Amino acid sequence: MAGILRVVLGDQCSRGLAALRDLDPARDVVLLAEVMDECTYVRHHKQKIVLVLSAMRHFARALEARGVRVDYIRLDDPGNTGTLAGEVARAVARHAPAGIVCTFPGEFRVLADMRGWEAATGIPVEIRDDDRFLCDLGWFRRWAQGKGGGRKQLRMEFFYREMRRATGLLMDGDSPEGGAWNYDAENRRRLEPGLVPPAPRRFPPDAITREVMALVEARFPGHFGTLEEFAWPVTAQQAEAALADFIAARLPRFGDFQDAMATGEPVLFHALVSTSMNAGLLSPRACCEAAEAAWREGRAPLNAVEGFIRQILGWREYVRGVYWLKMPDYAGLNALEATRPLPWSWWSGETRMNCIAQAVRQTRDLAYAHHIQRLMVTGNFALLAGLDPAQVNEWYLTVYADAYEWVELPNTHGMAIHADGGVMASKPYAASGAYINRMSDYCRSCAYDVKQSTGPVACPFNALYWDFIARHERRFANNPRMAMPQQTWRKMDPAKRQALQDSAAAFLAGPELNPAPG
Ligand code: FAD
Ligand code: DLZ
Ligand code: SF4
């Protein structure tokens, strides 16, 4: 062939992918390989495997329809080596290319593998920057280092403002539209009774997806999750339709109810675009531009549009920057010395804590939970109960259809459980049951009483919260953002403090924390 072998990974199903640019259809071959290693490096939720393999199969078809030669390896093809490196080596033997071109991957593990391909095959390997993101990693590194040679703490809010300036999104010259950078203060409403969020558009499985579903049920029967409700976009066209549905139906109220949680409402006014963006089916810029256009045309208010753009232009880019800046050491940090094993209820959904049960069951059925469920329900519980960061990270990487390490790890390890000691957030997002009660209706049908702090029926979050403050008193002594709860704790009656710590200890030793079934 003596053309180029262009390797495309499962989360790189993007028409404008760097590795596909300058493709010569007469000489080049695109390799897409379904491999066991990528399906099992964590025991992914069944919906995530279906989503990725189906997206790959659809993408291959779309390339072929444009006259591109695709070498597509199916999971059950005879001779499949089960690894990306193995499939690249086999493809080199088949096609004898002059070179290999690929795109910077989303996980450190895969980058390390890719860097070995040249030595393994004897063919030059070019790893191109992944320019599907709005922030270049080199730019982020320079920003993080700071102009004066070292910023003490990275802060998303400052990064976000730079990104607004750099992209011109929601800008009026040099100033932010509306006069403020951030309208979060307006975005904290609880779902009002009688307000029913519009049902999001679903994308029922076509023949290709159904074939992958059968494969996944047969090959990964023990993986977490169900497939019955699979309705994720698996093509760029579907992903664009999902975005359009969000912009028209849910964006106008996205801001108001961004932090709300409600029984039987897994999506509320959220966008459901992370799976598509992360798999490469939808561009982050297109999401931001569609939201901005809705505001300019009077179809959505500024607090909603700014909030949505901040999540993508700010948080999504920021966590990727932090991941590549801090890896590989980042994953091993355990600043709060947490060691407790993950409770079995995080797999079974069988717990008397209604908020956790809601989050886990919907995660099992949809491979989705929205941000506040991930952060303030399961994340907060993991933080307060001192769950082992490695197990918590693996759980989040396993159970969500949008989970790839570059985005999952900083959110879990940093934002939710503070295992990174404050790289991502200046204080831990620790909260008692009162927060969950304020933002949801979960407590109304819970076996525990959110108003009680001690005793067997007290909401576990309450005693755990104070126990967390007490346990880490010394660590956060100089953190001004933790001064208030620490003062309250110190001023508390010693008998009350003891009762709270006894309650927390009893709960932590009880059946809810059982790490095994039964
Ligand atoms: P919306 O709420 O509608 O937000 C719009 C978009 O903004 C999202 O699609 C997403 O691309 C982006 N976004 C919002 N918040 C974040 C954030 N903190 N980091 C990165 N992007 C963000 N997101 C993932 O894509 N993959 C993950 O594996 C993941 N793991 C998480 C783990 C924890 C503990 C927490 C607290 C958050 C995690 N997030 C993750 C971020 C966020 O929860 C999801 O992006 C969001 O819930 C996806 O649903 P949506 O598309 O409906 O988002
Ligand atoms: C997530 C995933 C899965 C389940 N399967 C494959 C696969 O069979 N082949 C492939 O190329 N990619 C797959 N992926 C996506 C990769 O895991 C992803 O590219 C890396 O985690 C880097 O983000
Ligand atoms: Fe969760 Fe506590 Fe409310 Fe129950 S009472 S739903 S455990 S916050």
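Note that ligands are numbered from 1 as they come in the structure, with each ligand's atoms numbered from 1 the same way. If you're wondering where the values come from, they're calculated on a predicted model, not measured in any experiment.
- For a threshold of 3.5 Å applied to N or O pairs, the pair formed by Gly10 and ligand 2 contains at least one separation below that value.
- Checked against a 3.5 angstrom limit, the closest N/O atoms of Glu34 and ligand 2 fall outside it.
- Counting heavy atoms closer than 4.0 Å to ligand 2, residue Tyr41 contributes side-chain atoms (C-beta onward) but none from N, CA, C or O.
- Taking 4.0 Å as the cut-off between side-chain N and carboxylate O, Asp402 and Arg374 count as a salt-bridged pair.
- Listed by number with element, the atoms of ligand 3 under 4.0 Å from a non-hydrogen atom of Ile436 are 8 (S).
- The heavy-atom pair separating Ala144 from Leu325 by the smallest distance is CB-CD2, 3.6 Å.
- Heavy-atom separations between Leu53 and ligand 2 include at least one value shorter than 4.0 Å.
- Salt-bridge check for Arg74 with Glu211: passed, with a basic side-chain N closer than 4.0 Å to an acidic carboxylate O.
- Considering backbone and side-chain N/O of Asp11, one or more are found under 3.5 Å from N/O of ligand 2.
- Taking atom 5 (N) of ligand 2 as the reference point, the nearest protein heavy-atom neighbour is Glu38 CB, 3.6 Å.
- For atom 21 (O) of ligand 2, the nearest non-hydrogen atom of the protein is Glu107 CD, 3.2 Å.
- Tested against His45 for a ring-ring contact (aromatic ring centres under 6.0 Å, His included), the candidates Phe224, Tyr400, Tyr396 yield a single pass: Phe224.
- Here the heavy atom of the protein found nearest to atom 2 (Fe) of ligand 3 is Cys459 SG, 2.3 Å.
- Between Trp295 and Phe308, the gap from one ring centroid to the other reaches at least 6.0 Å.
- In this structure, the side chain of Arg132 does not engage the main chain of Ser283 through any donor-acceptor pair within 3.5 Å.
- Protein heavy atom in closest approach to atom 14 (N) of ligand 2: Val52 CG1, 3.7 Å.
- For Phe254 and Phe269, the gap between ring centers reaches or exceeds 6.0 Å.
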Under the criterion salt bridge (charged side-chain N to carboxylate O under 4.0 Å, His left out), I'd like the reasoning laid out for Lys46 against Glu217: C-alpha separation, chi angles, the key distance, then a yes or no. CA-CA 8 Å; Lys46 288 176 187 166; Glu217 289 290 19; 3.2 Å; yes
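- Here Cys446 does not reach atom 2 (Fe) of ligand 3: none of its N/O/S atoms is less than 2.8 Å from the metal.
- Sparse packing is recorded around CG of Asp129, with 12 or fewer heavy atoms of other residues, nucleotides or ligands lying under 6.0 Å away.
- Taking only nitrogen or oxygen atoms, main chain and side chain alike, Ala33 reaches within less than 3.5 Å of ligand 2.
- Contact between Met56 and ligand 2 is present, with at least one heavy atom of the residue lying under 4.0 Å from the ligand.
- Side-chain N or O atoms of Asn462 include none that pairs as donor or acceptor with a backbone N or O of Ser432 at under 3.5 Å.
- Distances shorter than 4.0 angstrom do not occur between any heavy atom of Asp37 and any atom of ligand 2.
- In summary, the side chains of Gln373 and Tyr442 do present a donor paired with an acceptor at a separation below 3.5 Å, with no hydrogens or angles considered.
- At a cut-off of 2.8 Å, Cys355 is not counted among the residues with an N, O or S atom near atom 3 (Fe) of ligand 3.
- Without hydrogens or angle criteria, His413 side chain to Tyr330 main chain gives a donor-acceptor distance under 3.5 Å.
- In terms of N/O distances under 3.5 Å, ligand 2 is approached by Val35.
- Side-chain atoms of Ser503 do not come within 3.5 Å of backbone N or O of Ala463 as any donor-acceptor pair.
- For the pair Glu292 (side chain) and Glu289 (backbone), a donor-acceptor distance under 3.5 Å is absent.
- The closest protein non-hydrogen atom to atom 3 (Fe) of ligand 3 is Cys443 SG, 2.3 Å.
- Side-chain atoms of Glu405 do not come within 3.5 Å of backbone N or O of Glu107 as any donor-acceptor pair.
- Near ligand 1, residues Phe254, His270, Ala271, Leu272, Val273, Ser274, Met277, Asn278, Phe308, Gln311, Ile312, Trp315, Arg316, Val319, Tyr368, Ala369, His370, His371, Arg374, Leu375, Tyr396, Asp402, Ala403, Val407, Glu408, Asn411, Thr412, Met415, Ala416 come within 4.0 angstrom through at least one heavy atom.
- For ligand 3, the atoms lying closer than 4.0 Å to a non-hydrogen atom of Tyr448 are 5 (S).
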